[in-house]
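Have a look at the structure below before the remarks.
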Amino acid sequence: MGGRSSRSGVEGGLGRIDRQVGQVSVQGRQSVGGRRRLHRRRRVVGGNGFDEGVGHGGGEQGTGRGGRGVDEATLRTAHAGLLSSEDIGNQVRVAGWVATRRDHGGVLFVDLRDASGIVQVVINPEEQPDLDDVTHALRDEFCISVLGSVRARPEGTINPDLATGEIEIGASEITVLSPADPLPFQIDDRADVDEMRRLEFRYLDLRRPRMAANLLARSRALQAMRSTLADDGFLEVETPTLVKSTPEGARDFLVPSRLRRGSFYALPQSPQLFKQLLMVGGVERYYQIARCYRDEDFRSDRQVEFTQLDLEGAFWGQDQVLAALEPVIAAVVKALRGLDLETPFPRMSHADALARYGTDKPDIRFGMELVELSEVFSATEFKAFSGAVEAGGLIAGINGGGLGLSRAGLDGLVERAQALGAKGLVWMVVEDDGSLRSPVAKFLSDAELGGIKERLGAAVGDTLLIVADSPPTTRAVLGGLRIDLGQPEGHDELQFLWVTDFPVFEVTGEGRLVAAHHPFTAPVDVAEMENHPEDAISRAYDLVLNGTELGSGSERIHDPETQARVFRVLGISDTEAKERFGWFMRGLRYGTPPHAGFAVGIDRIIAILQNEPNIREVIPFPKTQTGLDPLTGTPGPVDDAQLAELGIDLRPEVKAALEEEAGGFETE
RNA sequence: GGGGGCGUGGUGAAGCCUGGAGUUCACGCCGGCCUGUCAAGCCGGAGAUCGCGAGUUCAAAUCUCGUCGUCCCCGCCA
């Protein structure tokens, strides 16, 4: 199924953020001569994405552009994309990049692009003969400043595809601020440029409308989160990024300490324990846009370095968390899609999600639900099915609908099922006469075949898929096939869903218990957790959007005794727990308020809302699947002197391998 | 750790299955022409160790093996 999803959303979507959004709320008008200060005007359009980070504190002088060396007005008095017919007659100076140049031998057109959009500049040698040399040298992506007058375009040359298409700037003066080398790829959204190349020249990639729109969307999403939470009385608190390593869950990134040789910091996998201690610290309502690090393999929705909206509330349970979060999500969706979401979001128990959709993150935009068939085969002669039932397995199926697959296509489904962990997959196609065509049909009784059709609501032409395996495998396989066969392309429709009542523990392949959420999650019943850990339910919940897990949260354990009991069930001895989490558990002994919280994957939600198939598209400087940043050549080797200072020797085999490939990655 | 796709002038593709001279298309680049285009147009030109290394063969972009890179999936991601 589905190759790469289309990017049609970028140009097609209704409210999706694209570059033109910057023009929606234009108000300020340029005064004649254009001397009105830019930062004033900025305030009007602020939040439209092209405010160049004015006033970020950090020691720089205060107000607007005033503290900078260059008076911007000498380079620019107007934003390209904001000009309109109301500016006709005004003398303006615009600055930006040469998006395209169209040279007619005499008259030359330059599409000048800045963060606000594009405006056409016309250079006419009859009007300005002295500009010839400059204009001849102009090339794509030169950074230039243009002085000229805004004028209406001549009859018949209006461009309705351009927001500024009614006007143009007649240039009287052009300054090349910076020339540009020939580009490694073209700055537009048409070509599918190699990922590696895009990342190597990310600064150019970011000039593409699609990426600029994604940056803008991200900024707006963060702003929506912050303002919603601030209005709701949340305190934004930062937590450390050099923390104690807790070898559990994902692999930690380690940072060697120079002052304490042989000791290591870890980068945080999340601010989990710190935010709980903030609850102990009386913060009551905390949030943070937190960078998190997990040294695990990449996926299209996973980078080793990612960003979460982390929040926590004291005297809260699940309902307060969900109620606090829904307006935040709604504000983000409003900001990026212009949509008013219906709240509250629907809820579904973890058990229901697994039974109906075969996954804990159901995409409820479409049906094709799993149907239990064990009953139909309670007395079957077909060994693959009877064997599974006897072993306590589950037989279930989905109705894939009219797939019209060839034999090769059906075999492909079998292979896919095997990749998902099944021993096999039974497919059946409903023929015109209502009979079931299937390699195993001859092993099944009429009653069984009839039962299958009835249970799966089979109609002529439908493809039915049946798996008989252990319950988790059956569900995982059918759930996976369901996604392959039925999931809509892209994310025009949005279906949020809370999945609640997660189990406390998962049983690993080796039969070991691990925390399903994390070990600080409150079980619904502590005694039950100890007596039947495999079945125990916790107060944990996930937020799911269109089949993607956006984030998860839980009510926390606020009592050190319960915390200790959970560790015991997990097989963590008291001594070990004290060693690793003693600092945290001690904190719980000083009047810890009951508390609960959540963390939302920001990269994921923005990627989905922007209809992007990969979170790389909404991360300014992401890494490749093997953890490389091709722009900087990170990670790279370090000097022996640096290692010596840290008291670190590379293992001989590692050192040898490094020398083997010497030369390595070059930066300037 | 495993499975799969891809790697061809600066970019994107076709060529590969069925071996026969680096062949083709679009964009870009360089030069020329061109005064209303907007992905401008027309003419000309330059630009390639076909990712790298072995092997098979008279002959390899093409077949085989290995390797590197990249992307997707399984595992992993409390």
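Sequence lines set the chain letters: A, B, ... in the order given, protein chains first and strands last, and positions in each chain run from 1.
Relative orientation of the A:Y541 and A:F598 rings is parallel, given thresholds of 30° and 60° on the angle between their planes. Classified by interplanar angle (parallel below 30°, tilted 30° to 60°, perpendicular above 60°), the ring pair A:F201/A:Y203 is perpendicular.
For the C1' atoms, the distance linking B:A61 with B:A13 amounts to 15 Å, nearest Å. Taking the P atom of each, B:U57 and B:U70 are spaced 35 Å apart, rounded to whole Å. Rounded to whole Å, the separation between the C1' atoms of B:C6 and B:U62 comes to 16 Å. Rounded to whole Å, the P atom of B:U56 lies 38 Å from the corresponding atom of B:C72. Nucleotides B:G19 and B:G3 place their C1' atoms 29 Å apart, quoted to the nearest Å. To the nearest whole angstrom, the two C1' atoms, one in B:A59 and one in B:G22, are 15 Å apart. Between B:A60 and B:G55, the two C1' atoms lie 11 Å apart (nearest whole Å).
Mapped onto RNA chain B by nearest heavy atom, A:N614 and A:Q120 fall at different nucleotides, with A:Q120 at the one closer to the 5' end. Nearer to the 5' terminus of RNA chain B, by closest-nucleotide assignment, is the contact made by A:V122 (compared with the other of A:D301 and A:V122).
Base-pair partner of B:G28: not found among the strands shown (Watson-Crick or G-U wobble, both distances under 3.5 Å). B:C63: Watson-Crick or G-U partner is B:G55, with both key distances under 3.5 Å. Remark: B:G69 base-pairs with B:C6. Criterion, Watson-Crick or G-U wobble with two distances under 3.5 Å. Within the shown strands, nothing qualifies as a pairing partner of B:C38 under the Watson-Crick or G-U definition with both distances less than 3.5 Å. In this structure B:C77 sits in no base pair that meets the Watson-Crick or G-U test at under 3.5 Å. B:C50 makes up no base pair with any nucleotide shown, lacking Watson-Crick or G-U wobble contacts both under 3.5 Å.
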Taking only N/O atoms, report every protein-nucleotides 1-10 of chain B pair under 3.5 Å with atom names and distance.
{"unit_1": "B:G10", "atom_1": "O2'", "unit_2": "A:P184", "atom_2": "O", "d": "2.8"}

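Rounding to whole angstrom units, CG of residue A:D188 and P of B:C38 are separated by 16 Å. The nearest whole Å value for the distance from the CZ atom in A:F298 to the C1' atom in B:G69 is 15 Å. Taking atom CG of residue A:D194 and atom C1' of nucleotide B:G12, one finds them 11 Å apart after rounding to whole Å. Counting to the nearest Å, the C1' atom of B:C76 and the CG atom of A:D252 are 15 Å from each other. In this structure, CG of A:D192 is placed 20 Å from P of B:A26, rounded to the nearest angstrom. A straight line from CG of A:D629 to P of B:G69 spans 16 Å, rounded to a whole angstrom. Rounded to whole Å, atom C1' of B:C34 lies 12 Å from atom CZ of A:F109. Counting to the nearest Å, the P atom of B:C76 and the CZ atom of A:R512 are 12 Å from each other.
In terms of phosphate contacts, A:R139 brings a side-chain nitrogen or oxygen within less than 4.0 Å of OP1 or OP2 of B:C30. Look at A:R616 and you'll find a side-chain N or O under 4.0 angstrom from OP1 or OP2 of B:C72. Residue A:R102 places at least one side-chain N or O under 4.0 Å from the OP1 or OP2 atom of B:A40. Distances shorter than 4.0 Å separate some side-chain N or O of A:S300 from OP1 or OP2 on B:C73. At B:G36, none of the side-chain N or O atoms of A:N159 fall inside 4.0 Å of OP1 or OP2 (strictly under the cut-off). For A:T157 and B:C38, the shortest distance from a side-chain N or O to OP1 or OP2 is not below 4.0 Å.
A:G421 approaches A:T473 most closely through the heavy-atom pair O-CG2, 3.4 Å.
Residues A:F567 and A:E576 have side chains not in contact (no heavy-atom distance under 4.5 Å, counting atoms from C-beta outward).
At a cut-off of 3.5 angstrom, the base of B:C38 holds at least one donor-acceptor pair with the side chain of A:R153. Contact annotation: side chain of A:R198 to base of B:U70, donor-acceptor pair absent below 3.5 Å. Interface remark: the A:R294 side chain does not form any donor-acceptor pair with the B:C77 base, using a distance-only criterion of under 3.5 Å. Scanning atom types as modelled, no donor and acceptor separated by under 3.5 angstrom connect the side chain of A:T246 and the base of B:A78.
Between A:R556 and A:E312 there is a salt bridge, since a side-chain N of the basic residue sits under 4.0 Å from a carboxylate O of the acidic one. Ion pairing between A:R616 and A:E305 fails under the 4.0 Å rule for side-chain N and carboxylate O. Between A:D469 and A:K423 there is a salt bridge, with a side-chain nitrogen of the basic residue lying less than 4.0 Å from a carboxylate oxygen of the acidic one. The pair A:R604-A:D301 meets the salt-bridge criterion, since a charged nitrogen lies less than 4.0 angstrom from a carboxylate oxygen. Between A:R302 and A:E296 there is no salt bridge, since no side-chain N of the basic residue sits under 4.0 Å from a carboxylate O of the acidic one.
The side chain of A:Q625 sits closest to B:C72 out of B:U70, B:C72, B:C76. Side-chain atoms of A:M196 lie closest to B:G69 of the nucleotides B:G12, B:G69, B:A78. Closest contact between the side chain of A:E296 and the listed nucleotides B:G36, B:G69, B:C76 involves B:C76.
Taking the six-membered ring for Trp, A:F306 and A:Y293 have ring centres at least 6.0 Å apart. Aromatic rings of A:F502 and A:H517 (six-membered ring for Trp) have centroids beyond the 6.0 Å cut-off, not under it.
The stretch residues 571-579 of chain A has no heavy atom under 4.0 Å from RNA chain B, so no residue of it qualifies as close.
Using a 5.5 Å limit on the distance between ring centres and a 30° limit on the angle between planes, the aromatic ring of A:H104 counts as stacked on the six-membered base ring of B:A40.
There is a side-chain donor-acceptor pair under 3.5 Å between A:D252 and A:Q269. Looking at A:D310 and A:Q288, their side chains never bring a donor and an acceptor atom within 3.5 Å of each other.
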